[in-house]
J.: 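Okay, here's the structure, questions in a sec.
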Amino acid sequence: MTIYPKDLIVRRFEGNPILTKDHVPYPVVTVHNAAAVKTRGEYILVFRSHLRNGRSILGLARSKDGCNFTVDPAPFMVPAREGVFAEYEEFGIEDPRICQIDNDFFITYSAYSRHGVRIGLGKTSDFRSVERVALITQADCRNVVIFPGKFQGRFARLDRPHTEIAPWSIWISFSPDLVHWGDSQVIMKPAPYHWDQMKVGPGATPFRTSEGWLHIYHGVFQTMDGAVYRLGVALHDLEDPAKILGVADEWILQPEDPWEVTGYVHNVVFTCGAIPEDDGTVKIYWGGADTVMCMGTAVIDDLVGLCLSVPRPPT
Ligand code: BMA
């Protein structure tokens, strides 16, 4: 078994946290759980912020280097005020993910209302305005990440339904058009007496490597001091993403910095976005304690190696 020195897998950026509420030119109390994408030389984060009423909206920040971000003057998305979306976004919108398909960027986000939580699908081509496409789950489902590719003519997504009789697990579903989804099956479950034993959920949008689709997910462990959110990695088959080639036994990131250990919710690192670079590294973005945004880099081959050389069973 390989023993990695502290922080060798994910190297935290020395300028963390990269975004806080002080960077936001409108009133918010948190900046966290950002989707991330790189397009035309620009890094974009679509982040979640709590308002002072406890409900969330989405803001947008831009950067030339992936580390130093400037927040747009106005929020990117606020809960819809009319139509079907208004009814299902009444309590706020949270935890976005971005998937690029051709020249369009599809944003999945959690829509909260008195009916539960379901997932909305938005679409933008320029990150200036966003069009709502559809609500793509029933209640109660969260953490939808869409693969940026097609599999035998169909799109694929990972998601995480809630159920009372089994620990919350990662499922996969397929769609011809991004709106209608089916053929659902569970593919990854928490491992008993393991760092992710309480629940697992999709994290960053998966990205292609030579060995498979790399998915950075979150896992939760319940302690006497509350839940601890950490990040792990799983590798999915390139042709059939329902097939998991390996899930790393060890987490790749846990709350350690003061702004990850203490905040709006203690002991949380939670990712909604990672950007693979041409030099073989990946920039991973995560929310710290549901309060700030942080960034770190990892070598993609190291993450793939963890999945394949020290795996735990996926289910
Ligand atoms: C999850 C989601 C995330 C949050 C995490 C830790 O259930 O609500 O948005 O970051 O809990 O509080």
Side-chain angles (χ1 to χ4, degrees), residues 16-21 28-36 45-51 53-59 77 79 88-98 107-113 116-120 137 139-145 158-164 166-171 190 195-205 216-223 225-232 251-274 284-296:
N16 278 346
I18 57 169
L19 274 182
T20 72
K21 65 182 168 59
V28 296
V29 288
T30 63
V31 177
H32 62 298
N33 298 4
L45 294 182
V46 174
F47 58 84
R48 169 181 170 194
S49 284
H50 285 97
L51 304 175
N53 62 7
R55 296 180 180 176
S56 295
I57 60 170
L58 305 183
M77 274 182 98
Y88 292 99
E89 297 179 8
E90 178 191 9
F91 293 169
I93 51 180
E94 306 184 0
D95 295 1
R97 274 83 173 186
I98 299 170
I107 301 172
T108 46
Y109 59 93
S110 301
Y112 277 81
S113 72
V117 54
R118 60 191 304 201
I119 296 296
T137 67
D140 279 303
C141 194
R142 265 201 314 215
N143 300 312
V144 167
V145 299
L158 303 176
D159 59 33
R160 211 276 309 281
H162 302 188
T163 164
E164 285 167 16
W168 299 355
S169 307
I170 296 176
W171 290 59
W195 65 267
D196 64 5
Q197 84 157 3
M198 184 187 173
K199 55 179 176 171
V200 292
T205 299
I216 305 175
Y217 72 99
H218 67 263
V220 186
F221 190 86
Q222 186 67 38
T223 75
D225 192 31
V228 181
Y229 278 71
R230 300 184 174 96
L231 302 184
W251 68 70
I252 60 161
L253 193 78
Q254 70 159 349
E256 282 179 18
D257 273 336
W259 46 83
E260 297 164 346
V261 170
T262 308
Y264 196 85
V265 181
H266 293 182
N267 285 317
V268 177
V269 292
F270 192 96
T271 189
C272 294
I284 306 172
Y285 295 88
W286 64 88
D290 285 5
T291 304
V292 297
M293 274 310 297
C294 305
M295 197 278 274

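In each ligand, atom 1 is the first atom listed, and ligand 1 is the first ligand listed. Sequence positions, counted from 1, serve as the residue numbers for this chain.
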J.: Give me the ring orientation class for His218 and Tyr229: parallel if the planes are under 30° apart, tilted from 30 to 60°, perpendicular past 60°.
T.: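 Tilted: the ring planes of His218 and Tyr229 meet at 30° to 60°.
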J.: Does Asp140 have any salt bridge (Lys or Arg N to Asp or Glu O under 4.0 Å) partners at least two apart in sequence or in another chain, and if so, which?
T.: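 Here no residue qualifies.
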J.: Give a yes-or-no answer on whether the side chains of Glu260 and Trp286 include a donor-acceptor pair shorter than 3.5 Å.
T.: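 Note: Glu260 and Trp286 side chains meet the donor-acceptor criterion.
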J.: Between atom CZ of Arg97 and atom CD1 of Ile107, what is the distance when rounded to the nearest 0.5 Å?
T.: 12.5 Å
J.: Taking non-hydrogen atoms within less than 4.0 Å of ligand 1, which protein residues qualify?
T.: Asn33, Arg48, Asp95, Arg142, Lys199, Tyr229, Val265, Val268, Phe270, Asp290
J.: Using salt bridge (Lys or Arg N to Asp or Glu O under 4.0 Å) as the criterion, list what pairs up with Asp159, not counting sequence neighbours.
T.: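 By the salt bridge (Lys or Arg N to Asp or Glu O under 4.0 Å) rule, Asp159 matches Arg157.
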J.: Excluding sequence neighbours, so at least two apart, what forms side-chain hydrogen bond (donor to acceptor under 3.5 Å, both in side chains) with Arg142?
T.: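 Testing Arg142 for side-chain hydrogen bond (donor to acceptor under 3.5 Å, both in side chains), a comparison that skips the adjacent residues, returns Tyr112.
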